[in-house]
Amino acid sequence: MVINKINLLKMLNYYQQQAVTIKHNSVLILAGAGSGKTKVLVHRAAWLTSKYKTDSIVMVTFTNKAANELKSKVNKLVGRQYHFPWIGTFHSLAYKILRINYSVADLPNNFQIIDNNDQIRLIKQIISTNNKYLNIIPNQAMYYINKKKDYGNRPNVLNNSIMEYLYKKYQQLCNRNGLVDFSELLLRSYELLNNNSMILSQYRKQFTNILIDEFQDTSYMQYLWIRKLITSKNNIMVVGDDDQSIYSWRGAQSNNMQIFLHDYPHTNIIKLEENYRSTNNILQAANTLIQHNNIRLKKTLWTKNNNCRDEPIVIYYALDQFDEIKFIIKQIKLVRNAGISLDKCAILYRNNTQSRILEDILIQNNIPYNIYGNVNFFNRREIKNVLAYLRLIHNHDDDISYIRIINVPNRRIGKKTINKIIELANTKNISFWRASNLIIKNNILSTRYNNIINNFLNLIRELYSDVFNKPIYLQLNTIVMNTGLLKMYNHEDKIKNLNNVDNIKELINAAYQFELNYNENKLFLLQSFLTYTNFSIKNNNTSINLMTIHASKGLEFLYVFIIGMEEDNFPSKLSMSINKLEEERRLAYVGITRAINKLFMTYANTKFIYGKKIYCQPSRFIYEISNSILNIKRIYYHDSSN
DNA sequence: TGTCCGAGTTTTTTT
DNA sequence: AACTCGGACA
């Protein structure tokens, strides 16, 4: 493979070059925000490509967005002809390993990933069919199950607690239906490697180079997973920054960095502290803020970029949420008039609910936006319904999909009938699909309901034989036509002025695009598409970016607006213990260090929570920053005409 | 037996 | 504001 090694190193500083070219087989890189960490990873991958095959390079990042960005940047360096199948998130790589070894992992070949919502649905079902679970809150049960899995624990047969029993039941159900939740992906692929020495040694041999990004945010199970793959013969490089550890709430343990050094004492450490991203003002703000934290490996970001004409950091004290957003719109228009593309700007917030008003006012002002997160395109009800049909026709035993669409569109099948199906499925330990077939066969229901259910089963079977070998977009097309979904949503759109149908059209379009760009094993096409809908986010590149600060990690923007700088919102009122408060502060640090040129922070004096107007105090983080010698411009609400 | 309406509730962050 | 759940009604 022909890579020009000299050119590759030209744009890097001494430490970055070290990191890219190092031959030592165990390396820890302590990389501050904006210190060119992504650049190092990208160049390292390109560097390795001159010596190793691309399918021997494993690169793990935290989000799919980051993984895609990494892939496309590496491809820019080494050329489009290379594919890096093992660049991805822990979950997507674990999925891939399970996909390939599904039968050894004891999974059906059409196993499907379920998200948290599906998990809750499943748990609710279990709870509702047995009154010994009466007092269990579904959310807590999910939390319990995921935590167990995250620490590698299968249901304990000796433990008779009600939660443990529910866990057992839940796992049985998942196994029966070929469903795998996020935690299960990691645990099961770990067990696969742990229990099968042949498979393990094959991957150990194949993966000559393992690189882990955002190492401070790895969990117990993820670290176990990594350690399984490390041998004395392959190269491991981990990259992290303890000041950016913001996922402890989902099991991340930033002390994995210390544990790693303990487990691999011969590790070489490289520090990257020079910041290439932000102006001096922005860095100072970040540094002064993070100094209020006690638990940290102290490190200070610095830059040669010492321009005295740096833009000041702007703090705007708004009257209310509307005023807050209007101010931002005004700034965005100024930026746009200066000829800067909106995709170089981002509006960041602490939690997803804050995006609602933002969206309304952006639409009013004709400003296009991309939104990331919970309100995910693939999470919309109409999209999930269409996809549930797609899943069900390819995996009849998928109970989640079955229950989701059995009465969509309305077939006059209600709770009573559904409960009969569930009960039979539970007593016989078979899927809902099989149970319904049994019900038809034995004429258990009245003729009327027998017919209704039978028609539904036939519909699914016919759909399968109509579409099974067609392109996905055509499958979707047939589904929405033949099930009556399209008709139903057309009607609903007219009455309630919604755009379900538009979204469905976009889904079909997305499927078309996906298939066009798909360049891996055709056998996995459908599964990959369904996985993509579970993992992925839509995106469009001339729009301003809206996302939570969590989602912004690893990204950078010329202009950054952080909204909702109020006590109880940021820091969240649920984070008032010392440890949690420090994590909130690190989150603020992450938000601030996303900015390249200019940073805005806004505070609203009043806002609506649960439909009630409340008064807010400015976030303590504002004061913690402004106590220094920073160049800050404070603007108080003064203009009521606009 | 299914549907609809109104009362009651509200975990922040993600794969 | 937006969701879920339970009970009255058709």
Side-chain angles (χ1 to χ4, degrees), chain A residues 60-67 88-95 113-121 124 127-128 137-140 142-143 146 149-150 180-187 189 214 217-219 221-222 245-252 321 348-357 360 372-376 378-379 381 406-407 410-420 445-446 448-449 452 531-537 547-554 564 566 568-576 580 583-584 586-588 590-591 607-614:
Chain A
V60 185
T61 62
F62 210 68
T63 60
N64 290 289
K65 204 177 341 153
T89 61
F90 277 105
H91 293 84
S92 68
L93 298 186
Y95 171 74
I113 299 172
I114 55 172
D115 62 17
N116 288 180
N117 294 330
D118 291 337
Q119 247 186 316
I120 297 259
R121 281 163 168 268
K124 274 187 184 162
I127 292 175
S128 67
I137 298 160
N139 234 330
Q140 285 175 4
M142 177 179 77
Y143 187 75
N146 290 344
K149 289 187 180 187
D150 290 344
V180 175
D181 60 53
F182 288 133
S183 299
E184 183 75 18
L185 280 174
L186 295 176
L187 177 55
S189 65
E214 310 284 8
D217 279 327
T218 50
S219 67
M221 183 47 65
Q222 287 166 345
S245 159
I246 54 175
Y247 282 97
S248 71
W249 53 272
R250 74 170 228 211
Q321 284 169 296
L348 308 181
Y349 35 82
R350 177 68 240 278
N351 55 260
N352 284 303
T353 50
Q354 292 174 266
S355 68
R356 184 162 257 120
I357 308 185
D360 286 349
Y372 301 87
N374 249 355
V375 251
N376 194 325
F378 292 109
N379 266 335
R381 183 182 293 155
I406 173 107
N407 201 33
N410 194 327
R411 301 185 173 88
R412 321 214 100 239
I413 301 168
K415 238 186 220 151
K416 208 93 181 193
T417 315
I418 290 172
N419 273 342
K420 273 185 192 155
L445 300 170
S446 65
R448 184 179 165 209
Y449 286 98
I452 291 178
T531 308
Y532 162 77
T533 65
N534 241 324
F535 277 162
S536 216
I537 20 115
M547 68 190 87
T548 62
I549 306 174
H550 280 88
S552 77
K553 196 168 73 153
E566 296 107 26
D568 290 351
N569 181 59
F570 193 19
S572 154
K573 72 162 166 252
L574 297 159
S575 309
M576 284 306 152
K580 286 185 172 178
E583 180 147 316
E584 292 286 300
R586 291 194 292 271
L587 188 60
V590 168
K607 64 193 320 182
F608 283 91
I609 290 188
Y610 303 143
K612 263 203 197 114
K613 186 176 177 180
I614 58 150

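Every chain is numbered from 1, with letters handed out A, B, ... down the list of sequences.
- Residues that satisfy the salt bridge (charged side-chain N to carboxylate O under 4.0 Å, His left out) test with Asp150(A), not counting sequence neighbours, are absent from this structure.
- Tyr95(A) is not listed as a side-chain neighbour of Val180(A), based on a closest heavy-atom distance of 4.5 Å or more.
- For the pair Phe570(A) and Asn351(A), the minimum side-chain heavy-atom distance is 4.5 Å or more.
- Contact detail for Asn569(A) and Gly564(A): the closest heavy-atom pair is ND2-O, 2.8 Å.
- Looking at heavy-atom distances under 4.0 Å, Tyr247(A) makes contact with sugar-phosphate atoms alone, never a base.
- Side-chain to base pairing of Asn116(A) with dT15(B): one donor and one acceptor N or O lie within less than 3.5 Å of each other.
- Here dC4(B) presents its C1' atom at 13 Å from CZ of Arg412(A), a figure rounded to the nearest Å.
- When rounded to the nearest whole Å, the span between CZ of Phe62(A) and C1' of dT13(B) equals 11 Å.
- Annotation: salt bridge (charged side-chain N to carboxylate O under 4.0 Å, His left out) contacts of Glu583(A) (sequence neighbours excluded): Arg586(A).
- When atom types are taken as modelled, the side chain of His550(A) and the backbone of Ile246(A) share a donor-acceptor pair closer than 3.5 angstrom.
- Along DNA chain B, the nucleotide closest to Glu583(A) and the one closest to Thr417(A) are compared, and the more 5′ of them pairs with Thr417(A).
- Minimum atom distance to the side chain of Leu574(A) is reached by dT11(B), of the listed dT1(B), dT14(B), dT11(B).
- Shortest non-hydrogen contact noted between Leu186(A) and Ala94(A) is CD2-CB, 4.2 Å.
- Of the candidates dT15(B), dG2(B), dT14(B), the closest approach to any side-chain atom of Phe182(A) belongs to dT15(B).
- Residue Tyr449(A) is in sugar-phosphate contact alone, with no base atom involved, counting any heavy-atom pair closer than 4.0 Å across all strands shown.
- What separates CZ of Phe90(A) from C1' of dT14(B) is a distance of 14 Å, to the nearest Å.
- For Asp568(A) (side chain) and Ser572(A) (main-chain N/O), no donor-acceptor pair under 3.5 Å exists by modelled atom type.
- Residues Ile549(A) and Tyr349(A) have side chains not in contact (no heavy-atom distance under 4.5 Å, counting atoms from C-beta outward).
- With sequence neighbours excluded, the residues satisfying ring-ring contact (aromatic ring centres under 6.0 Å, His included) with Phe62(A) are Tyr247(A).
- Once the 5.5 Å centre distance and the 30° plane angle are applied, the aromatic ring of Trp249(A) is found stacked with the base of dT13(B).
- One atom, NZ of Lys580(A), and another, P of dT13(B), lie 14 Å apart when rounded to the nearest Å.
- Counting to the nearest Å, the P atom of dT13(B) and the CG atom of Asn569(A) are 10 Å from each other.
- Using a 4.0 Å heavy-atom criterion, one finds that Thr548(A) contacts the sugar-phosphate atoms exclusively.
- Each of Thr353(A) and Asn407(A) lies near DNA chain B, and the nucleotide nearest Asn407(A) is the one positioned closer to the 5' end.
- Note: CG (Asn410(A)) to C1' (dT3(B)) measures 9 Å, nearest angstrom.
- In this structure, His550(A) atom NE2 and dT13(B) atom P are separated by 9 Å, rounded to whole Å.
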Between the protein and nucleotides 5-10 of chain B, which nitrogen or oxygen pairs are less than 3.5 angstrom apart?
none

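- Using a 4.0 Å heavy-atom distance criterion, Ile413(A) is classed as a sugar-phosphate-only contact.
- As rounded to the nearest Å, dT13(B) and dT4(C) have C1' atoms that lie 23 Å from one another.
- Taking 4.0 Å as the cutoff to heavy atoms of chain A, we find the contact window on DNA chain C bounded by dA1(C) to dC5(C).
- Counting any heavy atom pair closer than 4.0 Å across all strands shown, Asp115(A) reaches no nucleic acid atom.
- The side chain to side chain contact (heavy atoms under 4.5 Å, CB included) check on Tyr143(A) picks up Lys147(A), with sequence neighbours excluded.
- Distance OH (Tyr143(A)) to P (dT13(B)): 15 Å, rounded to an integer number of Å.
- Nearest to the side chain of Lys420(A), among dT1(B), dT13(B), dT11(B), sits dT1(B).
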